[in-house]
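The structure appears right after this line, and notes come after that.
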Amino acid sequence: MNPAASPSAPHSKSGLPVRVGMPRPTLTVESLVLLAASFMLLTGNAPFWRGALAGRDFSQISSWGFTAAIFVIFAGAYCVFALLLSSRWTARPLLALLIVVTAFASWYMEHYSVYLDRPMLRNVMQTDVREAGDLLTWGMVPHVLLYGALPAALMFWPRLEKTGLLRACTRRLAWLLGSASIACLALWLVFADFASLMRNQTALRHLMTPGNAVVALTAEAWSHGKRPGGPKIVVGEDARLLPAWGQRSRPVLFVLVVGETARAQNFSLNGYARETNPQLAKQGVLNFSNAKACGTSTAVSLPCMFSPFGRANYDEAKILTHESVLNVLARAGFKVLWRDNQSGCKGVCDGVPIEQVDRAGIDSICAEGQCFDEALVHGMEGIARDAAGNLFVVMHQMGSHGPAYFKRYPATFKQFTPACENQDLRHCTPAEIVNAYDNSLLYTDYFLSKVIDFLKSSQARYDTAMIYMSDHGESLGDNGLYLHGVPYAIAPDVQTRVPLLAWLSPRFSSSFNIDSSCLRARSAQALSHDNLFHSLLGVLDIGTKAYDARLDLFAPCRPQAALPESPLRSPQTSP
């Protein structure tokens with residue numbers, strides 16, 4: 001029966017049926033998939049299209065042909081992927097989810113020039129609510145509504161055609177073969193240009209949405225599935241205090257400060273024109289100006305810098321499944337404590353005590369659900385007083401975590417003005433962004449000076465020392481890039497060069513026979529996160545086969561230090 005002629009349908013005064021609302025079209029699942037794929041390619045991939053078509057002359061027909069071919073290649077690939085997972089019942093939820101993911105991803109890629117690869121996805125998955133809040137801005141709402149929520153809702157508007165099983169299977173197979181064939185034909189027509197583009201600009205694949213998100217999520221799930229369960233593989237099982245410890249009458253208090261998002265280029269200790277390190281300059285620190293990070297994100301760099309496996313032959317599975325240097329220190333007899341003002345240690349501190357200081361609620365330095373980094377020093381007097389023996393403390397900063405740089409320092413450190421006070425960096429000028437970022441470094445300088453002052457006050461009982469090293473750098477609009485997380489192979493120096501400095505008390509330097517003048521003379525040597533594991537073991541006179549003296553930055557300046565009895569080992573060999 002025609003619904004319009006149904007006795008229950010509303011009628012006009014003339015007795016004719018009245019059509020209520022806009023009629024819902026009827027589509028096949030395959031047609032809906034093609035529409036959704038085309039929509040996402042056209043509206044959610046501006047960074048990809050700009051990169052793929054840069055430098056092409058669109059007065060030439062070949063450029064238009066190349067553009068059309070790329071569109072067909074990816075549309076065909078998306079159709080094959082979605083059709084393999086779709087039925088009348090799953091197609092609309094799947095497409096709606098992909099459209100919303102594309103809208104979110106495209107906004108961040110467009111506004112911050114980020115690349116959505118597996119490390120970036122891992123960062124997103126490991127971000128806590130507070131950090132996520134800094135990334136959610138009102139500016140993204142119109143974009144997500146227009147290109148995400150509305151089209152996702154429209155996926156549920158058409159009726160999906162009902163048909164018999166045999167006909168449905170035949171049509172699905174024809175669409176799959178047709179989509180794959182047309183995509184392959186388009187690829188064949190532009191193969192030389194397309195292969196050259198993908199070979200020369202490998203990072204472009206991280207800009208193609210939602211394919212980048214799907215691939216990254218699949219790779220992350222696959223990686224987790226391959227990792228063995230249970231406890232981590234032991235590193236430095238033979239760790240012990242070397243004989244030199246028998247000559248010492250005082251314990252050691254060593255603080256390792258892990259910086260966040262601090263780039264070496266903006267440290268005045270490294271020659272930056274602005275005075276961002278006035279306090280550290282007075283503290284007599286040893287500054288190493290040529291240090292590189294293992295990665296461009298916390299999820300990569302933090303586990304790597306505490307591991308014996310370095311960047312040269314980076315092996316994520318080994319890094320994540322083996323113990324960190326903290327476990328080696330604890331095995332040698334140090335009391336180890338991780339104090340965190342961020343979103344956790346990414347597995348580095350498994351097996352050692354943890355204090356989450358951002359939940360301390362100290363009124364003077366904590367507000368709006370976060371604490372300034374001074375909270376990491378709060379209570380250290382009691383910890384040092386109650387400890388028995390050697391104490392090793394890691395302080396994990398909030399540092400200069402973006403994009404809300406203005407939230408990382410108290411108002412009294414707003415020295416460089418005007419400073420950006422908007423989480424959506426596109427609403428600030430480049431100068432305002434740099435001002436806010438430099439203010440955060442000015443506060444880090446103050447915080448590190450407070451750590452040193454605490455260590456100085458503890459010298460009556462301990463031989464004290466500190467190392468500070470950041471996890472990665474940051475882009476502040478340089479070359480159109482913001483934040484961090486660019487794939488390492490193409491990452492700019494501002495994301496990979498990090499500050500590294502040390503402060504050693506006179507008693508510590510004497511006890512461990514460290515020639516500070518020698519270290520200053522070598523301050524420009526090339527260093528990296530790879531050096532941290534071995535430098536900590538070396539400077540603290542801990543013997544283990546996992547130690548490699550060649551990667552110990554202190555070793556050349558300890559002429560009479562006791563060395564481990566074990567042979568030198570490559571950082572890439574299994575400990």
Side-chain angles (χ1 to χ4, degrees), residues 117-123 125-126 215-239 256 258 291-332 336 338 344-352 354 392 394 396 469-472 485 487-489 491 496 498 526-538 542-553 564 566-575:
D117 58 359
R118 187 157 69 94
M120 180 61 72
L121 179 69
R122 195 183 315 131
N123 274 337
M125 295 171 66
Q126 293 178 357
V215 170
L217 184 60
T218 303
E220 182 68 9
W222 175 258
S223 175
H224 272 286
K226 288 170 55 180
R227 294 173 198 161
K232 289 188 175 183
I233 299 170
V234 173
V235 173
E237 188 173 13
D238 58 338
L256 172 64
V258 179
K292 297 275 282 188
C294 183
T296 61
S297 65
T298 304
V300 172
S301 284
L302 199 60
C304 184
M305 67 195 292
F306 282 82
S307 165
F309 308 104
R311 180 72 224 182
N313 294 310
Y314 181 75
D315 190 324
E316 180 189 277
K318 278 189 175 182
I319 289 172
L320 296 180
T321 55
H322 284 69
E323 290 180 337
S324 76
V325 70
L326 303 183
N327 304 104
V328 183
L329 292 168
R331 190 168 294 116
V336 179
W338 181 283
C345 67
K346 317 303 181 191
V348 167
C349 57
D350 289 354
V352 303
I354 306 167
F392 187 94
V394 183
H396 188 199
M469 195 174 198
S470 185
D471 58 351
H472 54 76
Y488 199 86
T496 59
V498 291
L527 299 169
S528 73
H529 280 166
D530 295 8
N531 296 96
L532 184 64
F533 179 97
H534 306 278
S535 298
L536 291 174
L537 296 181
I542 294 175
T544 170
K545 292 179 181 179
Y547 169 75
D548 186 344
R550 294 168 297 184
L551 291 173
D552 179 356
L553 72 89
S566 59
L568 298 180
R569 297 174 57 84
S570 165
Q572 282 78 46
T573 57
S574 180

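These numbers come from the heavy atoms of this one structure, side chains and all, not from hydrogens, waters or symmetry mates.
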How many angstroms lie between atom [atom1] of [X] and atom [atom2] of [Y], to the nearest 0.5 angstrom?
X	Y	atom1	atom2	answer
Ser307	Lys318	OG	NZ	9.5 Å
Ser324	Leu536	OG	CG	10.0 Å
Asn531	Met305	CG	CE	11.0 Å
His322	Ile233	NE2	CD1	4.0 Å
Cys345	His396	SG	NE2	8.5 Å

Flag the pair [X] / [Y] as yes when at least one side-chain heavy-atom distance between them is below 4.5 Å, and no otherwise.
X	Y	result
Leu532	Val325	no
His529	Ser301	yes
Val498	Asp471	no
Lys232	Thr321	no
Leu537	Leu329	yes
Phe533	Asp552	no
Arg331	Val234	yes
Asp530	Phe309	no

Is it the case that the side chain of Arg311 and the backbone of Cys304 share a donor-acceptor pair, with hydrogens and angles ignored and the cut-off at 3.5 Å?
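Between the backbone of Cys304 and the side chain of Arg311 there is no qualifying donor-acceptor contact (under 3.5 Å).
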Just checking, is any N or O donor in the side chain of Lys292 or Thr496 under 3.5 Å from an acceptor N or O on the other one?
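Indeed, the side chains of Lys292 and Thr496 share at least one donor-acceptor pair under 3.5 Å.
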Applying side-chain contact (heavy atoms from CB on, under 4.5 Å) to Asn327 and Val235, what does each step give before you reach the verdict?
CA-CA 8 Å; Asn327 304 104; Val235 173; over 6 Å; no
Starting from the C-alpha separation in whole Å, work towards a yes-or-no answer on side-chain contact (heavy atoms from CB on, under 4.5 Å) for Phe306 and Ile319.
CA-CA 9 Å; Phe306 282 82; Ile319 289 172; over 6 Å; no
Centres of the Trp338 and Phe392 rings: under 6.0 Å?
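No, ring centres 6.0 Å or more apart.
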Go through the steps to decide whether Thr298 and His472 satisfy the test side chain to side chain donor-acceptor pair (under 3.5 Å), and finish with yes or no.
CA-CA 7 Å; Thr298 304; His472 54 76; 3.3 Å; yes
Please report the closest heavy-atom contact between Ala239 and Ile542, naming both atoms and the distance.
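Taking every non-hydrogen atom into account, CB-CG2, 4.3 Å.
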Under 30°, 30 to 60°, or over 60°: which ring-plane class applies to His534 and Tyr547, parallel, tilted or perpendicular?
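Ring orientation, 0 to 90° scale: tilted.
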